[in-house]
Protein chains: 2
Amino acid sequence: MELLFAYFEVKSGTLLTDMEKKRIASRFLAKRLRKRQYLLQEGDICKYFSFIVQGAARTYSVDEKGNEHILHFGTSGWWVGDNESFTLHTPTRYNIDMLGDTELLVITESDLQELIDTISAVSKTIAAISSQRVISAEKRIHAAISQTPEERFAALNAAYPDFLQKFPLNMIASYLGISTKTLGRIRNNSK
Amino acid sequence: MELLFAYFEVKSGTLLTDMEKKRIASRFLAKRLRKRQYLLQEGDICKYFSFIVQGAARTYSVDEKGNEHILHFGTSGWWVGDNESFTLHTPTRYNIDMLGDTELLVITESDLQELIDTISAVSKTIAAISSQRVISAEKRIHAAISQTPEERFAALNAAYPDFLQKFPLNMIASYLGISTKTLGRIRNNSK
DNA sequence: TCCCCTACGGGACAAATGTCCCCTGCCCTT
DNA sequence: AAGGGCAGGGGACATTTGTCCCGTAGGGGA
């Protein structure tokens with residue numbers, strides 16, 4: 001829980017009072033999931049957004065051929081959940097599962113909304129995250145339409161060098177939207 | 001200006017008072033640009049976000065080889081601008097130019113922030129847009145990493161059937177991240 | 001301890017996509 | 001009215017990417 005407090009304080013640029021911390025703590029629920037357990041499955045409504053305290057998760061879809069496509073990775077200090085399902089209450093197309101034993105802090109939409117409405121550090125944080133999300137999503141769209149797989153891989157390494165250590169190559173390939181074969185060729189060329 | 005008022009009212013689900021309309025009107029600046037004129041050029045800081053009253057625009061980058069990559073189209077009732085440059089005050093990588101004679105309503109970040117802080121319809125609208133933006137950006141990322149060009153084209157047609165009439169095929173191809181050749185082949189197959 | 005599953009890489013081939021020509025017709029400008 | 005530029009499409013070919021085999025090594029679970 002301390003990590004979450006620190007997160008709100010850093011992102012908002014303000015300090016939380018003890019009272020606010022108590023209120024935040026009362027709205028989040030600690031959850032532990034083991035490797036390969038699911039936080040969300042295709043068809044579910046995403047009722048919770050989750051802050052990763054420790055561990056790692058992936059958000060992915062499965063197509064008709066059974067291929068998995070990873071939309072997001074999440075590690076300590078990141079949020080996971082399907083925005084669309086969470087805000088519109090529609091069934092999700094995605095699955096979220098854990099890549100290792102993971103500790104989460106989960107919250108419902110109404111509880112989150114209440115914290116946003118009453119704690120300025122929370123509302124500032126959410127606004128900041130939301131803006132960041134748009135910016136990074138647009139960067140990724142731009143990368144997808146304008147860069148070669150090789151350039152996208154290089155950019156990923158530059159932005160998140162730890163991903164290569166943390167996640168297996170087949171997942172990296174899936175995240176980049178390429179086959180493991182192409183990723184393998186890229187890695188051969190660059191060494 | 002009426003279109004903008006209606007836009008805020010619909011998106012926020014609330015009505016604007018005459019006073020609020022006046023305040024909004026005083027912060028936006030009407031701007032007319034003719035076909036091929038630029039609203040933003042690579043290297044500029046994006047000082048204004050613009051609401052398109054009438055006309056059409058595109059946001060695109062130019063790579064080392066001189067190829068253009070269209071990140072966004074905008075038509076009547078849409079916003080154009082580079083989020084990253086606008087919020088972080090960094091030089092933009094994008095160009096925005098008009099695809100026909102266009103009427104815009106432009107606003108600076110500080111003026112927009114003031115309207116957000118003082119008019120609840122505006123703040124609700126911006127929050128709603130922001131959420132929508134994230135959702136649609138994630139859909140587009142998902143499409144890019146999980147679908148074939150053919151599927152992406154079909155999805156684009158389903159979502160924005162008017163794009164095909166409104167924009168030339170080379171721009172559609174650029175938006176989809178494929179060559180005009182591939183787009184041509186797709187269109188031949190589907191008829 | 002053993003076994004199985006998974007990650008990872010290689011080779012051969014197929015399929016998809018891009019590039020570079022060409023040509024045509026149309027619109028806009030002069 | 002004429003000319004220039006651009007959208008669009010076709011053919012031939014190169015390149016990239018994916019698919020389907022295969023094998024190996026290592027780690028986790030029974």
Side-chain angles (χ1 to χ4, degrees), chain A residues 33-37 55-56 58 60 62-70 73 97-102 143-154 156-157 162-191, chain B residues 33-37 55-56 58 60 62-70 73 95 97-102 143-157 162-191:
Chain A
L33 290 178
R34 303 186 55 213
K35 187 172 181 175
R36 292 180 184 280
Q37 279 190 303
R58 71 209 246 254
Y60 67 97
V62 180
D63 66 24
E64 330 75 55
K65 293 179 194 152
N67 292 109
E68 299 177 351
H69 304 281
I70 298 181
F73 288 114
D97 70 2
M98 303 302 120
L99 300 176
D101 298 354
T102 301
I145 66 173
S146 71
Q147 298 186 320
T148 63
E150 183 158 3
E151 290 169 329
R152 294 206 298 278
F153 177 67
L156 179 67
N157 267 342
D162 51 321
F163 274 22
L164 259 242
Q165 323 305 325
K166 214 167 281 183
F167 308 118
L169 290 176
N170 58 351
M171 292 191 187
I172 300 283
S174 172
Y175 179 86
L176 292 172
I178 60 181
S179 68
T180 59
K181 192 71 182 178
T182 301
L183 181 56
R185 288 195 266 245
I186 289 169
R187 295 180 70 238
N188 279 340
N189 288 345
S190 67
K191 71 176 179 204
Chain B
L33 289 177
R34 302 187 54 214
K35 187 171 181 176
R36 290 182 186 281
Q37 280 192 302
R58 70 209 246 254
Y60 66 99
V62 180
D63 66 24
E64 331 76 56
K65 293 178 193 151
N67 292 109
E68 299 177 352
H69 304 281
I70 298 183
F73 288 115
N95 301 278
D97 69 3
M98 303 302 118
L99 300 176
D101 297 355
T102 301
I145 66 171
S146 72
Q147 298 185 321
T148 63
E150 183 157 3
E151 291 168 328
R152 293 205 299 278
F153 177 67
L156 179 67
N157 266 342
D162 51 321
F163 274 22
L164 259 240
Q165 322 306 325
K166 215 167 280 183
F167 308 117
L169 290 176
N170 58 352
M171 291 191 188
I172 300 283
S174 172
Y175 179 86
L176 291 172
I178 60 181
S179 67
T180 59
K181 191 73 181 176
T182 300
L183 181 55
R185 289 194 267 244
I186 288 169
R187 295 180 70 238
N188 279 341
N189 288 345
S190 66
K191 73 177 177 202

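When reading the values below, keep in mind they use all heavy atoms of this one structure, side chains included, and skip hydrogens, waters and symmetry mates. In what follows, chains carry the letters A, B, and so on, assigned in the order in which the sequence lines appear, proteins first and then strands, with residues in each chain numbered from 1.
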Nearest-Å distance for atom pair CD1/P, residues B/Ile70 and D/dA7: 10 Å

Separation of atom CD1 in B/Ile186 from atom C1' in C/dA16, rounded to whole Å: 10 Å

Lys/Arg N to Asp/Glu carboxylate O, A/Asp97 vs A/Arg58, below 4.0 Å: yes

Spacing of A/Leu183 atom CG relative to D/dT16 atom C1', expressed in whole Å: 15 Å

Nucleotide nearest A/Asn188 when distance is taken to its side chain, options D/dG9, D/dT17, C/dG10: C/dG10

For atom NZ of B/Lys35 and atom P of C/dC27, their distance in whole Å: 12 Å

Comparing B/Arg36 and B/Gly184 on DNA chain D - which has the more 5′ nearest nucleotide: B/Arg36

Plane angle bin for B/Phe73 and B/Phe167 - parallel if under 30°, tilted between 30 and 60°, otherwise perpendicular: parallel

Whole-Å distance separating the CG atom of A/Leu176 from the P atom of D/dT16: 18 Å

side-chain hydrogen bond (donor to acceptor under 3.5 Å, both in side chains) against B/Thr180, all qualifying residues, sequence neighbours excluded: none

Results of salt bridge (charged side-chain N to carboxylate O under 4.0 Å, His left out) for B/Lys35 - residues two or more places apart only: none

Approximate separation, where rounding is to 0.5 Å, of B/Leu164 CG and B/Leu156 CG: 7.0 Å

Write down the protein N/O and nucleotide N/O pairs, taken from nucleotides 19-25 of chain C, whose separation is under 3.5 Å; answer none if there are no such pairs.
none

Whether A/Glu151 side chain and A/Thr148 backbone form a donor-acceptor pair below 3.5 Å: yes

Distance, rounded to the nearest Å, where A/Ile145 contributes CD1 and C/dT17 contributes P: 16 Å

Euclidean distance, atom NE2 of residue A/His69 to atom C1' of D/dG18 [Å, nearest integer]: 13 Å

Atom-pair distance (CZ on A/Arg187; P on C/dG10), nearest Å: 10 Å

